[in-house]
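Notes for the one structure printed next.
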Amino acid sequence: MRLPRRITPALAVVLLIAVLPYDAASDEKPGKPERELFGAQCRTQIDGSRVRAVCHNPYPGVDAVALHIECAPWWDIDTDSAPREVNPAETVRLDGRCWKKVRDVWVSHRKVAR
């Protein structure tokens, strides 16, 4: 028995829809370690020579964040803030500055063992 030409592409689409989602539905593969949810989400803002970072931790682990500022002039001292713990569901603000211009700014993260 032969299927009409119009039904064959439709049948192929139905089979693809039924088979593909099973393979693509999950990124969890056997033997693959479970993805760890960690790290506060930080936004940095530069306003002239002043820098602000606002970090929010949506995960259950504690994250220690530190603000790092690289100043533009060679004689201006770069700064690194002391690490500050961000508990779950907590938001913290880190501030710093250069004397003249800011070249670069970033936030580092460190897992706090409890």
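Side chains are part of it too, since the values below use all heavy atoms of this structure and drop only hydrogens, waters and symmetry mates. Computed from a predicted model, the values in this text were never measured in an experiment.
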Please round to the nearest 0.5 Å and tell me the distance separating atom CZ of Arg52 and atom CG of Leu67.
11.5 Å

Please list, chain by chain and in numerical order, all residues satisfying side chain to side chain contact (heavy atoms under 4.5 Å, CB included) with Arg43, sequence neighbours excluded.
Val54

For the residue pair Cys71 and Val102, establish whether any side-chain heavy-atom pair is separated by less than 4.5 Å.
no

So does Ile77 have more than 12 non-hydrogen atoms from other groups sitting under 6.0 Å from CD1?
no

What pairs with Ser49 under side chain to side chain donor-acceptor pair (under 3.5 Å), at least two apart in sequence or on another chain?
none

Does Val51 offer a backbone N or O that forms a donor-acceptor pair with the side chain of Asp47 under 3.5 Å?
no

Main-chain N/O of Arg93 paired with Arg84 side-chain donor or acceptor, under 3.5 Å:
yes

Rounded distance (nearest 0.5 Å) linking atom CG of Asp76 with atom CZ of Arg97:
8.5 Å

With sequence neighbours excluded, tell me which residues meet ring-ring contact (aromatic ring centres under 6.0 Å, His included) with Trp99.
none

Applying side chain to side chain donor-acceptor pair (under 3.5 Å), name anything that partners Asp63, two or more places apart in sequence or on another chain.
His109

So which atom in Ala66 and which in Leu94 form the shortest heavy-atom distance, rounded to 0.1 Å?
C-CD1, 4.2 Å

List for me each residue that meets side chain to side chain donor-acceptor pair (under 3.5 Å) alongside Asp104, sequence neighbours excluded, and say none if there are none.
none

By side chain to side chain donor-acceptor pair (under 3.5 Å), which residues pair with Asp78, not counting sequence neighbours?
none

Within the side chain of Asp80, is there an N or O that forms a donor-acceptor pair under 3.5 Å with the backbone of His68?
no

Measure from the side-chain N and O atoms of Arg103 to the backbone N and O of Ala72, and report whether any donor-acceptor pair falls under 3.5 Å.
yes

Consider only side-chain heavy atoms of I, L, V, M, F, W and Y, link residues closer than 4.5 Å, and tell whether Val92 and Ile69 are in one cluster.
yes

Tell me whether Tyr59 shares a hydrophobic cluster with Val65, the cluster being built from Ile, Leu, Val, Met, Phe, Trp, Tyr side chains joined at under 4.5 Å.
no

Pro83 and Ala64: which non-hydrogen atoms are nearest, and at how many Å?
CB-CB, 4.2 Å

Spatial distance of atom CD (Gln45) from atom CG (Asp95) [nearest 0.5 Å]
10.0 Å

So do Cys55 and Gln41 actually touch side chain to side chain, heavy atoms under 4.5 Å?
no

Could you check if a side-chain atom of Val105 sits within less than 4.5 angstrom of a side-chain atom of Ile46, using non-hydrogen atoms only?
yes

Say whether, by atom type as modelled, one donor and one acceptor occur between the side chain of Thr91 and the main chain of His56 under 3.5 angstrom.
no

